[in-house]
Structure formats: C-alpha cells, structure tokens
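To keep things clear, I will list the structure first and then write my remarks on it.
Because only heavy atoms are used, hydrogens play no part in the values below, and waters and symmetry mates are left out as well, while side chains stay in. Convention: sequence-line order gives letters A, B, ...; per-chain numbering from 1.
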Amino acid sequence: VTRVSAPATSELARDDATLRRFLHGLPGVDQVGAEARAASLATRSIKTTSKAWAIDTAIGMVDLTTLEGSDTPGKVRSLCAKAVRPDPSDPSVPPVAAVCVYPDLVATAVDALNGASVQVASVATAFPSGRASLPTKLRDVRDAVAAGATEIDMVIDRGAFLAGRWLQVFEEIVATKAECGDAHLKVILETGELATLDNVRRASWLALLAGADFIKTSTGKISPAATPPVALVMLEAVRDFASANGDIVGGRIGDLRGVKLAGGIRAAKEAVRYLVMVNEVAGEEWLTPKLFRFGASSLLNDLLLQRHKLATGAYDGPDYVTVD
Amino acid sequence: MSPTFDYAPAPESRDIARLQPSYQIFVDGAFRDGTGDAVKSINPADEEPLAEVTEAGPSDVDDAVRAARRAFEGPWSAMSGAERGKYLFRIARAIQERSRELAVLESLDNGKPIKESRDVDVPLAAAHFFYYAGWADKLAYAGYGPDPRPIGVCGQVIPWNFPLLMAAWKLAPALACGNTAVLKPAETTPLSALVLAEIIAEADLPPGVVNVLAGGPAVGQAIVAHDGIDKIAFTGSTEVGKIIQRTVAGTGKKLTLELGGKAANIVFEDAPLDQAVEGIVNGIFFNQGQVCCAGSRLLVQESIEDELITALQRRLATLRVGHPLDKNTDVGAINSAAQLARIRELSEVGEAEGARRWSPPCELPDRGFWFAPTLFTGVSQASRIAQEEIFGPVLSVLTFRTPDEAVAKANNTPYGLSAGVWTEKGSRILSMANRLRAGVVWANTFNRFDPTAPFGGYKESGFGREGGRHGLAGYLDV
C-alpha cells in the first residue's frame with residue numbers, strides 16, 4: 001500500500017518536476033533495514049517436499065539465456081532443446097519459461113522451439129547500454145517482434161534516469177511498449193548502476209507507471225546484478241503497485257506485474273531463497289512464471305543437479321548435465 | 001504443481017542439547033545437589049519435563065557466598081587483568097564451540113524459536129565475554145581513575161527471558177573487573193546457566209569465582225539479604241526490583257536494577273515504511289514480546305495509520321507461530337503458565353476497555369503455553385494496555401499528530417527503558433532522542449543489541465548501565 005495517492009498517468013507524465021514529486025514522495029528505503037530483512041528471509045530452511053516443489057517451480061521460471069557476441073545458431077538450437085526438455089533422461093522435469101537471445105537469433109529460436117510452450121524473449125533497445133537514439137531502439141524492438149519474439153527485455157536509459165530526466169525514461173518505455181504489440185515488456189533497470197535502493201524503488205515505479213509488464217534487475221553485463229536487497233525492494237514495488245489506488249495509470253486494483261531477477265544467480269539454493277522472498281514479500285500469487293522469472297544460464301544446471309540429488313540422495317558431477 | 005509454498009518442518013535435533021536427567025548447583029568450583037527441593041524444569045512448548053534440577057537451600061547460599069569471598073580475597077582480585085582476561089576469552093570461545101548445544105537447550109527450556117537462540121542469544125552471550133575480556137587489562141583507561149578496584153562479591157539475579165544472555169551480561173563485566181559472583185538463574189529456565197557453569201569449570205576458573213544457584217524467589221531473597229554480599233545486580237520485574245531496593249537500603253550494598261518497560265516505537269509519516277514494519281514486528285514479537293525493552297506501544301502519526309496498520313497486518317500474516325525447534329518458526333511458546341495467564345488477562349482488559357483486537361489466522365498447538373501475535377488498535381493513553389507492561393506478543397497502537405504529542409505520550413509512563421524513532425529526517429531523530437526519557441533510543445531500528453552499547457533505564461525501569469564502558473561502573477568501586 002503506498003500512501004502516495006497519485007494522479008492519473010497523463011497528469012504525472014506532464015514534466016520532469018511532476019514525475020519527480022511523485023517518485024520522491026514514495027516512502028524511503030532504509031538500506032540497513034532492507035539488508036537485514038533480506039538476510040533474515042535467507043535463513044528460512046527449505047527441506048524435503050518443499051525443496052522439491054521449489055526446485056521444480058524455479059525451473060519453470062527460468063529464462064534460459066545466452067547473450068554473447070559469439071552466440072551461434074547451433075548454440076541457440078541447443079539451448080531451445082534444453083529449454084523444452086531440461087533433462088533428456090527425465091521427462092518429469094518441467095520446461096523452462098523462455099529462452100532469451102539477441103534479436104538476430106530470435107528467428108532461429110522460434111524455428112527450433114517449433115510451437116513448444118517455451119516463450120522467446122529478446123533483449124532490445126540497444127542492449128545492454130541503451131545508448132542509442134529512440135528511433136534506433138524502437139527499430140531494434142520491431143525487428144525482434146517481427147522475428148517472432150513474444151517477450152521483449154528493454155533497458156532504461158540510466159544516464160537520463162540519474163540526471164533526473166524522468167520524463168524521457170518514461171516516454172521511452174511507453175514508446176517501446178507500443179512497439180511491442182502483444183509481446184510482453186520487461187524493463188531492465190540495471191540496478192547495479194542506480195547506486196541506491198531509493199533509486200531502485202523510484203525506477204521500479206517509473207517503469208510500472210509507464211506500462212512495464214515486468215521489472216527486471218539487470219542486463220547481466222554489470223556487477224552487482226541481482227542482489228537480495230534489490231529483489232526485496234522490487235518485490236515491494238509490484239506488491240504496492242497492485243494494491244495502490246486504482247487511479248494510477250487509469251489502472252485497477254489488483255494489477256499484478258512481474259519481477260525478473262537476472263545476473264549472478266547460479267546456485268539452486270539462491271533461487272530457492274528468492275522464492276521464499278517472493279512468497280513472503282509479494283505474496284504467493286507471484287509464485288508463477290507469469291509474474292516471476294530468473295534470467296540465467298548456469299542456474300538451470302544446478303537446479304537439475306539438486307533435483308537429482310533430492311530424488312536419489314546422490315550428487316551427479318557437472319558432466320551429467322549439458323553445458324549448452 | 002501445487003499453488004502454495006508450504007515450508008516442510010525443519011526441526012533442529014533435540015539431541016544436540018545433550019540434556020542430562022538431572023542438573024546440580026555449582027558451588028566453590030564443584031557441582032553438588034542443592035539442599036532445596038528437586039524440581040522439574042519443563043518445556044513450555046509441550047509442558048513435558050526436561051530435567052530435574054536440585055535447587056539451592058539457605059545453607060547453599062551461605063556456602064556460595066563464603067566461597068565467593070574466599071576466591072575474591074584469594075586469587076581473583078589479586079590476579080592481573082591480563083590473566084583474568086584469558087579466562088574470559090576462554091569462556092567466550094567455549095560458548096562459541098558449544099553454540100548449537102546451548103541454542104537448542106535454550107529453546108527447549110525457554111520456548112523461544114531456535115533461530116533467535118541460534119542467531120541472537122548465544123552469539124551475543126559469547127560477544128559479551130569477548131568484549132569484557134578485552135577490558136580486563138585496560139581498566140586504568142576506562143575513565144574511573146588510574147587503578148579502579150573491584151567491589152567484591154556480587155549477587156546476581158537474572159530473568160527467564162534471555163537466560164544465557166543475561167548470565168553473560170552479569171558475569172562478564174563482574175569478572176573482568178575482578179569481582180566474584182553468586183548467580184541465580186530464573187526458576188523456570190535454569191538449564192543454560194548450569195551448562196555455563198560447566199563451561200566455567202572447564203575453563204579452570206579458581207573455585208568460588210562463579211557460583212550458580214538454581215532456585216526460586218526464596219533463594220533470590222537469601223542472596224539479596226545476605227550480609228556477605230557487596231553488590232546486587234538484578235534484572236526482572238519492577239515489582240521485585242522495588243522489594244530488592246527496600247531490602248538493601250541502608251546496608252551499604254551497591255545496587256543496579258534493570259526492570260520493566262513500556263517502550264514507545266514512534267513512526268513518523270516520512271518513515272521508511274517497509275523497514276518500520278519490520279522494526280515494529282521485531283520490537284514486539286521478538287522473543288514473544290517477553291523483552292523488557294519491547295516496543296509494546298506503537299505511536300503512529302495519524303496520517304499514515306491506516307496504511308501502516310494494513311501493512312503490519314499483512315506482515316503478521318506471514319509470521320510462523322509454532323514449534324520452537326523448527327528453524328522456520330518466528331514466534332515460539334510463552335515461557336510459563338503464569339506468564340500466559342497474565343498476557344491473557346491484560347488482553348481481555350484491552351478488549352473490555354474498548355480497543356479493537358486483531359490476530360492473524362494461526363493454529364496454536366494444543367499443549368504448551370501459546371499466545372497468538374496480537375494487535376490492539378484504537379487504544380487510548382488511559383488504557384491499561386497502554387500503561388502496564390504485558391510482557392507478551394501484544395502490541396498497543398496509539399496515534400499522534402505532532403512531534404510534541406509523540407514525545408508527551410512516549411514519556412507518559414512510569415517506565416523509561418527504550419524507545420524507537422522512525423523517520424527519514426536526521427534532524428528529527430536527534431531532537432526526538434534528546435527529548436525521550438529512555439535509556440536506549442533506537443533510530444530506524446529496534447531491539448538491536450551490542451556489547452559495546454550501554455543498556456539501562458530511567459525511572460521505574462531501573463538504574464545502572466550494562467554493556468560498553470559504562471557497564472564497568474557497576475562493578476568497580478567508583
């Protein structure tokens with residue numbers, strides 16, 4: 001519940017000063033307290049049946065990602081096969097949520113997935129820096145959507161955000177959302193460049209007001225990427241946005257938006273801790289791939305290893321899961 | 001896939017506590033049966049007996065005081081500070097080495113959640129010994145003169161809410177300063193202090209430096225009234241504190257008292273709200289609210305009352321009440337039937353006085369002493385639940401409009417142990433801290449403890465400070 005009773009978005013998006021007054025009117029984040037809360041949630045002990053549930057749930061939330069200059073169509077096809085059937089020897093392992101690739105490889109992914117339930121996400125808008133003109137960014141989005149991407153991961157202009165050009169950030173998100181059409185829009189805040197948790201909260205709200213379906217921590221190219229306190233603040237933002245006044249964005253109470261954590265999450269244990277955080281901070285409604293994702297590449301393998309350990313009592317080595 | 005994320009039970013093993021069938025008192029360096037009654041210490045979570053404890057009788061008190069006197073006049077006070085420090089470091093390390101055992105034992109005997117005994121009580125107890133071990137050879141630099149002397153034999157009577165931690169708070173500074181001690185743990189929670197006695201014996205402290213006597217009020221009275229004792233340190237209720245003060249009046253005994261509280265946790269409209277909610281929860285539901293400095297009165301600025309209460313209720317719905325040894329338990333059992341009766345009685349008074357009572361849906365176990373986290377809104381300053389210490393998981397919510405009103409309401413209590421201030425405005429924190437009559441004022445946090453920080457009260461919350469350099473004053477002849 002935010003106490004800021006906002007005017008409609010059209011009012012807010014009038015100029016930088018109006019947006020600033022709204023964003024700076026949000027309750028502050030005490031960093032020490034936020035870190036303590038994140039650390040205390042990490043002490044939950046998730047065992048046996050609940051661990052099995054959490055691992056399968058986490059697998060279904062993975063955006064299996066490859067974002068390298070050296071990516072090849074072959075690697076993307078391999079990634080897609082793994083996305084649909086993460087463990088070739090065990091059909092009970094659920095498919096992941098999506099594969100995430102650069103725009104030029106979207107068509108390859110669409111072809112390789114061949115109608116499977118796995119979504120095709122593409123980074124766009126001059127990922128990862130976002131340093132291009134708006135028309136160039138929009139053209140990037142248009143290409144990805146035309147190639148069949150059903151989810152677009154855009155980056156915000158951090159330079160504009162940090163300089164206080166809130167309206168520019170807002171309008172770029174609105175324009176990108178329009179360009180997406182039916183594709184879901186994830187807005188990458190690149191929290192590692194935002195410096196404070198107060199800024200993370202403001203950027204989260206700015207993106208949500210502008211129409212983001214998901215807010216996402218990081219590109220994965222900047223360290224620190226997803227951290228527990230940052231995830232905490234972003235989960236609070238979607239929770240508060242959902243219960244905020246219906247007059248924001250002309251929206252409705254119960255407007256649930258998602259959170260995607262990306263970058264640096266490699267261990268199943270971390271993923272399970274984040275699910276605890278989702279459960280206790282945002283609420284159990286968010287425990288679905290529709291509203292929560294992990295952007296990761298190596299995380300899936302650890303989830304598979306832990307799943308096998310839980311089922312058989314024995315650890316497999318890294319050679320028992322595929323590298324791509 | 002199931003739509004809910006149920007946390008499977010994750011119990012810590014009870015065997016780790018290495019419970020003995022019976023425990024003895026510790027006098028003059030040796031364990032022996034007390035001459036008092038043999039009583040059962042029970043597990044408040046299921047009312048099952050844990051172990052038998054032989055309590056001290058009057059002759060045991062005499063023996064303990066004599067042993068403490070011999071140790072004081074013999075080796076202990078003459079020993080160099082550096083040597084005393086070595087013993088304290090040894091005790092601190094042994095507490096760390098046996099931390100899991102002590103944590104499980106504490107949760108069994110007290111009812112507190114294992115995550116608290118594991119992450120708070122036991123590490124802080126070790127930290128107090130480490131901290132005061134460091135002071136032992138530096139007393140000349142503590143600001144109490146070039147060669148401050150110890151007081152002598154200290155009688156120390158401690159409560160049941162933090163049994164091991166309170167023993168550490170009392171013993172560590174006393175020993176560092178060169179005193180000897182006769183310690184009495186509370187009747188319902190003697191076990192961890194008796195295991196601490198075992199650690200002290202294994203650390204080879206000279207016999208009589210520390211004596212631990214299990215027992216009830218009669219043993220406490222015998223210690224307080226004993227003419228072989230030079231100083232009394234008591235933590236517990238204001239009611240008993242007053243009796244103690246009357247008993248020692250005119251005897252020349254020194255006295256420090258750490259008594260009850262009814263702390264105000266003050267939340268301004270510009271507070272970091274999510275963290276304030278955590279601080280409120282930690283303030284009143286930590287250790288089931290059985291904390292003398294608990295933030296039992298929430299003073300919220302009226303402009304954000306609805307929003308804060310909604311957020312608080314949502315948060316309380318995620319608290320996990322239940323088995324103290326489950327690592328996911330947030331709120332454990334009330335320590336005793338008597339305490340539970342008092343919490344129930346005052347909560348009924350709150351309802352009768354017209355305050356609105358709310359608890360999250362939670363299933364309480366059938367056996368044991370349990371009380372659901374409870375919130376009272378619409379409480380007035382005149383209500384008993386706004387004035388009297390409940391010592392349980394019960395929060396009374398009051399509102400204020402201006403900082404002056406917040407100060408007036410916060411200070412309008414016979415107590416003065418602690419207070420909390422929540423605001424993003426630094427200047428307001430400083431001005432509130434200056435005006436609040438409380439020994440500890442937390443800013444944007446609550447119930448944070450550290451051995452370097454002095455702790456103690458104003459008014460009926462007692463006098464004297466424990467912790468930090470100030471904590472030395474209570475154990476030096478200054």
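- Side-chain atoms of A:Val276 and B:Phe5, non-hydrogen and from C-beta on, do get closer than 4.5 Å to each other.
- With respect to chain A, the highest number of heavy-atom pairs below 4.5 Å among B:Asp330, B:Thr445, B:Asp119 belongs to B:Asp330.
- One N or O on the side chain of B:Gln275 and one on the backbone of A:Asp30 form a donor-acceptor pair closer than 3.5 Å.
- B:Leu273 contributes atom CG, which lies 9.0 Å from atom CG of A:Asp240 (distance to the nearest 0.5 angstrom).
- Nearest heavy atom pair, residue B:Ala8 against residue A:Thr48, reads CB-OG1, 3.3 Å.
- Residue contact with chain B, scored on non-hydrogen atoms closer than 4.5 Å, involves the side chain of A:Glu236 exclusively.
- The 12-atom threshold is not exceeded at CZ of B:Arg100, counting heavy atoms of other residues, nucleotides or ligands nearer than 6.0 Å.
- Looking only at heavy-atom pairs under 4.5 Å with chain B, the residue among A:Asp198, A:Leu275, A:Leu232, A:Thr49 that has the most is A:Leu275.
- The two residues B:Glu424 and A:Val29 have their closest heavy-atom pair at OE1-N, 4.3 Å.
- Annotation for B:Thr318 and A:Arg44: closest pair O-NH2, 4.1 Å, computed over non-hydrogen atoms.
- Put simply, NZ on A:Lys47 and NZ on B:Lys327 are 5.0 Å apart, with the number rounded to the nearest 0.5 Å.
- In this structure, B:Arg118 and A:Thr43 have side chains that are in contact, with non-hydrogen atoms separated by less than 4.5 Å.
- The shortest heavy-atom contact between A:Ser45 and B:Ala10 is OG-CB, 3.4 Å.
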